[in-house]
Protein chains: 2
Amino acid sequence: MGGEETATSKAPRTERGKRTLRKLLDAAAAEFGERGYHEASISGITQRAGAALGTFYTYFDSKEQVFRALVDDMGHLTRQHIAERVPGNVDRLTAERLGLEAFIEFVREHKDLYRIVMEAQFVAEDAYLNYYKVFAAAYTRNLAQAAEKGEIRPGHEEERAWALIGMSVFLGMRYAVWSSDKSAKEVADAAAELITFGLSPLARGGGVM
Amino acid sequence: MGGEETATSKAPRTERGKRTLRKLLDAAAAEFGERGYHEASISGITQRAGAALGTFYTYFDSKEQVFRALVDDMGHLTRQHIAERVPGNVDRLTAERLGLEAFIEFVREHKDLYRIVMEAQFVAEDAYLNYYKVFAAAYTRNLAQAAEKGEIRPGHEEERAWALIGMSVFLGMRYAVWSSDKSAKEVADAAAELITFGLSPLARGGGVM
DNA sequence: TCGAAACCTGAGTCAATATTCAAGTTGTAG
DNA sequence: CTACAACTTGAATATTGACTCAGGTTTCGA
C-alpha cells in the first residue's frame with residue numbers, strides 16, 4: 001500500500017536531491033508540529049530547510065501531500081518502535097505494560113510528529129482513520145490470540161482494542177505532550193494495573209460473582 | 001468563569017437580536033462541524049443562518065471567538081447530560097457504565113459539537129485543555145471518594161482518570177462519530193466490564209496473587 | 001405616532017500565502 | 001570536457017476569506 005510509484009516524478013535522483021528532500025521533510029515536521037497545519041506555511045518550511053520557496057515543489061505536489069507523508073511516516077515509526085520494545089514471546093498483560101511505556105517514551109521524543117497525527121483528523125481524515133484502523137486491527141487480533149491462549153478473558157475484542165488505544169493516546173497526550181511530570185514507567189504501571197485488574201476492589205483477593 | 005461581562009457590548013437587546021444570535025450559533029456549529037475550522041467561512045455561517053455577512057460581527061468579534069464559545073457550550077452540555085443520566089447515589093462502577101453510555105448517546109446527537117471540541121486542540125488549545133482538565137479533576141475526585149468508600153481499589157487516581165477519559169473519547173469517536181454499528185449500551189457494557197475487572201482471566205473466578 | 005437605539009446589509013478593503021514559472025546553477029554520464 | 005538532466009531560485013500570480021463601514025430598516029419605549 002505504498003505511494004512510491006506515483007511519486008516517481010518527484011523522487012530525487014542525485015545525492016544532493018536526497019539531502020534536500022530530507023531537509024524539507026524534517027523542516028516540515030518541525031513547522032507543522034509547532035504551528036499546526038494552517039498556521040504553517042511553505043515558506044516557513046523552506047526557510048527552516050535553508051532552501052528557496054520553489055524548491056518545495058520540486059519534491060511535493062502540495063502542502064497537504066507533505067502532511068500526509070508525515071502522518072504515514074509516524075505510523076511506521078511508532079509501530080516499529082513499539083515492536084522493538086515488546087518481545088514477541090511475553091504474555092499479553094506484560095506486553096500491554098511494555099507497549100504503553102514504549103509508546104509514551106516515543107511520543108516524548110516525537111511530540112511534533114504526534115501532534116501532526118492528531119491534527120490529521122481535520123486535515124486528512126482518511127490518513128488519520130487509516131492510522132488508527134491499522135492499530136486497532138492489530139490490537140484486536142492480539143487480544144483474540146491472547147484470549148485463545150487463556151491469557152485474558154475472552155470477548156469484546158474490538159471494543160477493548162479501541163478502549164485501550166484511547167487510554168494510550170490520552171495518557172500520551174497528558175503525560176508526554178503536555179507535561180512530563182511523571183515517568184513513563186510510573187504511568188505505564190498505573191495503567192497496566194487498571195488494564196489487568198480493573199477498578200474492582202475484589203479483583204486481587206479472590207473474586208465474587 | 002463565564003465571559004458574559006466582557007461580551008456586554010455584543011449582547012442582543014431585543015427579541016429579534018436574541019433570535020439572530022441563536023441562529024448564528026446553530027449555523028456556526030453546523031458549519032464548523034461539517035467543514036472544520038479552517039474550511040469553515042464566516043459567509044458560510046451567515047448563509048446557513050439566513051443573515052448578511054456583516055451581521056456576524058454584530059454578535060462576535062472574530063471567527064475564533066465563536067469557536068471558543070461553542071467549545072465552552074459543549075463542556076456545559078456534556079456535563080449536564082451525563083449528570084442527568086447518572087444518579088448521585090449509585091456506586092462508582094455502576095456510575096462508570098451509565099456515564100459512558102450517556103456520553104456515547106450524547107456524542108451521537110451532537111457530532112458537530114464534538115468534532116469542534118476535538119479540533120479545539122489546534123485552534124484554541126487553552127479552551128481544549130480547560131475542557132479536559134475540568135473533566136479530569138472531577139473524575140479524579142470521584143475516584144478518590146469511591147476508593148475511600150471501598151468501592152474500588154485505591155491508588156493512581158489521576159492517571160486512572162485520564163485513562164478512563166481517553167477510553168470514553170475513543171469509544172465515542174469510533175462508535176458514535178465514525179459509525180453507529182453497535183448500540184451505546186453494547187459498547188458501554190464491554191467497556192464497563194473492562195473497567196471493572198480488567199483483562200485478567202482470574203478476575204471473576206477467584207483470584208490468584 | 002415619533003425618534004433614537006438596535007439591528008441588518010453586502011460591496012469593498014486588505015493581508016496572507018499556496019502555487020507557478022522562466023531563468024540560472026550544479027551534478028554526472030559518456 | 002561537454003552537454004544534458006537534475007536541481008535551485010525567488011519574483012510574480014491568483015485566490016481566498018476575514019473583517020470594516022456607511023448607509024438603510026426594524027423595534028420599542030414614551
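Throughout, a chain's letter reflects where its sequence line sits, starting with A, and its residues are numbered from 1.
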Could you tell me whether the side chains of [X] and [Y] share a donor-acceptor contact shorter than 3.5 Å?
| X | Y | value |
| --- | --- | --- |
| B:Y175 | A:E158 | yes |
| B:Y131 | B:Q121 | no |
| A:S180 | A:R108 | yes |

Which salt bridge (charged side-chain N to carboxylate O under 4.0 Å, His left out) pairs, counting each pair once, include a residue from residues 53-73 of chain B, with sequence neighbours left out?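 Passing the test, one end in residues 53-73 of chain B: B:K10-B:D61, B:E64-B:R68, B:R68-B:D126.
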Can you build the contact string for nucleotides 6-19 of chain D? Use B for base contact, S for sugar-phosphate-only contact, and - for no protein heavy atom under 4.0 Å. SSBBBB------SB
Would you call the rings of B:Y114 and B:F103 parallel, tilted or perpendicular, taking 30° and 60° as the class edges?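 Because their plane-to-plane angle is over 60°, the rings of B:Y114 and B:F103 count as perpendicular.
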Using whole Å, what does the distance between atom C1' of nucleotide C:dC8 and atom CG of B:L21 come to?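 Checked: the CG to C1' distance equals 14 Å.
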